[in-house]
2 protein chains.
Amino acid sequence: MDDYEQFISRVKDIHKIGALQGHLGWDQETIMPPNGAQSRGEILSWLAKEQHERTTDPIIGELVEKLSKDESLNQDQRANVKEMKRRYEKASKLPSEFVAEFAKTKSEALLAWQQARSESNFEMFRPTLQKLIDMTKQKIGFYGIETTPYDVLLDEFEVGMTVEDYDPLFDGLKQRLVPLLQKIMNAKETNPDPILPEQMTFSIEGQTEFCTKVSNAMGFDFEGGRMDISTHPFSAGLWPGDTRFTTRFDEKDPFSCLYAVMHETGHALYEQGLSREHSFTPRGDAVSLGVHESQSRFWENQIGRTPAFWHVTLPWFKEQFPDSPDWTPEDLNKIANSVTPGFIRVEADEITYNLHVMLRYEIEKQIFNEDLPVDDLPKLWNSMFEEWFGLEVPNDTKGCLQDIHWSMGAFGYFPTYTLGNLYASQLLHAMSNELGDIDTIIKSGDWSSLLDWLGPRIHQEGSKWTPSELIENATGMPPSPEPFLNYVEEKYSKLYNLD
Amino acid sequence: MDDYEQFISRVKDIHKIGALQGHLGWDQETIMPPNGAQSRGEILSWLAKEQHERTTDPIIGELVEKLSKDESLNQDQRANVKEMKRRYEKASKLPSEFVAEFAKTKSEALLAWQQARSESNFEMFRPTLQKLIDMTKQKIGFYGIETTPYDVLLDEFEVGMTVEDYDPLFDGLKQRLVPLLQKIMNAKETNPDPILPEQMTFSIEGQTEFCTKVSNAMGFDFEGGRMDISTHPFSAGLWPGDTRFTTRFDEKDPFSCLYAVMHETGHALYEQGLSREHSFTPRGDAVSLGVHESQSRFWENQIGRTPAFWHVTLPWFKEQFPDSPDWTPEDLNKIANSVTPGFIRVEADEITYNLHVMLRYEIEKQIFNEDLPVDDLPKLWNSMFEEWFGLEVPNDTKGCLQDIHWSMGAFGYFPTYTLGNLYASQLLHAMSNELGDIDTIIKSGDWSSLLDWLGPRIHQEGSKWTPSELIENATGMPPSPEPFLNYVEEKYSKLYNLD
């Protein structure tokens, strides 16, 4: 075996361990019996240690050093060497025991969070959250701080992004989103949105049928994947031929399931679209969380929250719910886009969504850059929420316990959601320049040209380029908030007849 | 770390890989999307190779050599050393590449078998079956033949058992079972069994409720386990706190699900009852397939197929199926025990069941000791079946394609089913000597004393002893067919009023 073959064979083994972690994670959140938690934690911890030991094996260090200078490698091979070099250098800073212990703590924390959330009792989550934060600070210490401690975490989820990048970006967004929100709220006062009839229920079976049909129309291959139920919807691209996503059901609100399904299907289409040729290597992986999120938000909002979408799917909806009011596509679209400051991020409209993200960003900054005590977290959350959204948080389930991320030790993750929104708008813009009016395509009911456009430009490219390079290659411009701001201003001006 | 600590830490890692294989196997047979098969095979093959490499690591060899002579070890530790020594010596005879290739072939074969079975098309399974048999012969070659080639396989599933043991055992069983069967068939001619009304259907929901209640009453902890659906019911003790079993449903026949559930719950109770203290070591594993099967058959037949069982559960049954005929517990018991030579082993009564096992045993002997060509297998099956059961096999789904085992490369496995039947009767016999009349206990509806009796004598003992030692310790006599023969003769004489 030559050096590259040796290298890639080891890389694939490391990825297989990652795939196993993904599989057990999926199982844990969907179907695992409750008493399995402890052993599951043990196994996940062991896998994390195994993966870490293999990633930091000195042989990997020697190989990436040698291969970094090898001019004969092609573009794909270079991408694998570059990414593994980065991972080797980062991972080498963490002791194996720490990695194993952290994985175990995360597994326990997930369970504690689930219980705390269902009982809206922050106290039940506090001790493990404290432990997670302490360990995360330890991790920051291992990695070493170059600018601020929080920057170390931001870099883990979107390579190269720092507080210095996010602060002005978020400020810029705020400057145009807050006045837009104000205008919308004013317009709503005299002309309120239609709503779902309070008495009506939508059967789980009907929702399942309807959402499956939508997911299918988007291009999800159910022969190579599954849809299941979990508290917090997510998508897991286990390995070629097996991509799974989850949703949840609310009998009073069929939109909760629908947009979760469209969102997760967006993620899942990325996973199903990755290059099989490069399976189990970085080149065959999705490039970043921001880009991943662009795929889910694209389908959820820019396709799913349009009159054109409801034009096609209203008959499917009617078939499952024949007793629903005599809605037009425009009515349903208005309900689906209703701008209402609410407690739950994943149910937020496109305007307030980014405010939710920024709130978490500000709190995380305080935790890691200013040592905010964990005990103060709910209080801070609630007071900031009241200030930003004008709403008093009634309980922690609707407040600081709503998201799964902290229980997974994923601090620094949230800002990638906003990046996803920005990238999605850039993609829509570029796509419409090439394919013509997107509404016309959606209305036709055949959406395959959209997926066909994304495939070679995003999905199949895997991690060949950095996220910025990928977005620039696909859209002809570097990452920018302009297309997103133009998109929401135009969309909501039309929806609410703003001047 | 001292030698034993080093040893046991490695042993636990090897067992964790085994647990992952079990988890993926469970997933593959219950919920995996069809296109996931290829990658699943790759991952399973990789895990098999990893497990094999670690089992045959020379360090394991050195450690078991040293520890075998260490007088300071306690009984539990000795059991671990002894079993790992056996595995090390066996596994060292197989090349890693062979192990990986075999695992991959088995994974492909499972899929081919499922398709072939559903279309009753042996030809679809033939090529992979051929490959499996060829590879199994190769494996026999690696291990080395001491007596006959088939003995090498028998030993894999019940250590120490050979053709020389099974041939006379099976002959002895045949000598008393065949005349008993004849007597029963004669008695049935003038006095046929009651049957399920042909027009009646039993809802899946009702069956699920009823069977869950029974499984619960047997002692299965649903907080530490799951019940799911698969083509071929099975049980998988994944790891502490997570034991899963499956069943299948037939709307025309609620007994198909019920007795699958009782059977698999029997296996699952063994897994849930293993000593947690010894998790991920041989000492904490079930000792053998024969003993495992004794647990499933005990609950399925000796508890579940009695008038006393139906006395307790008839009201539960009526609750789910209020439109069913006005059956007495005795009626249902007669239906559940009806002796009828049929095509499917897992649905067979206790008399013909062992004939099914022997038929497979004879065929496997011919494959490995007499090189029976694969092409001749269906023909041989059908002709033997007609001779032994007096029935013409209508298609291969009811014939040689019915069982999953060959697709899993599990040749030499079937005889352990008969051992299970024998052990179960010995246990029942010993249990009634200690606890008093078992029927009275069953009728009380509180079956906990049965599980409490089995726990310390079988479950918690894990692999501390050999199967024979375990059975002798628990029952006061070495393994023997007498209690089983006495049991069936007595039971069926009563059921059919034989003289």
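Within every chain, numbering begins at 1; the chains are lettered A, B, ... in the order of the sequence lines, protein sequences first and strands thereafter. Model, not experiment: these values are computed from the prediction.
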Return the CG to CG distance between B:Leu24 and A:Leu238, rounded to the nearest 0.5 Å.
9.5 Å
Any Lys/Arg nitrogen of B:Lys49 or A:Asp13 sitting under 4.0 Å from an Asp/Glu carboxylate oxygen of the other?
no
How about B:Lys104: does its NZ atom have over 12 heavy atoms from other parts shown lying under 6.0 Å from it?
no
Can you tell me how far the OG atom of B:Ser39 sits from the NZ atom of A:Lys16, to the nearest 0.5 Å?
10.0 Å
Counting only heavy atoms from other residues, nucleotides and ligands, does the tally under 6.0 Å from CD of B:Gln38 exceed 12?
no
B:Arg54 bridged to A:Glu50 by N-O distance under 4.0 Å
yes
Quick one: do A:Asp242 and B:Asn35 satisfy side-chain hydrogen bond (donor to acceptor under 3.5 Å, both in side chains)? Show the steps, please.
CA-CA 7 Å; A:Asp242 197 348; B:Asn35 294 350; over 6 Å; no
Evaluate the side-chain proximity of A:Arg244 to B:Pro33: yes if any heavy-atom separation is below 4.5 Å, no if none is.
yes
Are any of the side-chain heavy atoms of A:Lys12 and B:Trp46 separated by less than 4.5 Å?
no
Can you confirm whether A:Trp239 sits close enough to B:Arg40 that some side-chain heavy atom of one is under 4.5 Å from a side-chain heavy atom of the other?
yes
Answer whether the closest heavy-atom distance between the side chains of B:Ile31 and A:Ile31 falls below 4.5 Å.
yes
Taking only Lys NZ, Arg NE, NH1 and NH2, and the carboxylate oxygens of Asp or Glu, determine whether B:Arg226 and A:Asp27 approach each other closer than 4.0 Å.
no
So what's closer than 4.5 Å to chain A heavy atoms on B:Phe280: side chain, backbone, both or neither?
side chain
Okay, B:Leu47 and chain A: the region with an atom under 4.5 Å from a heavy atom over there is side chain
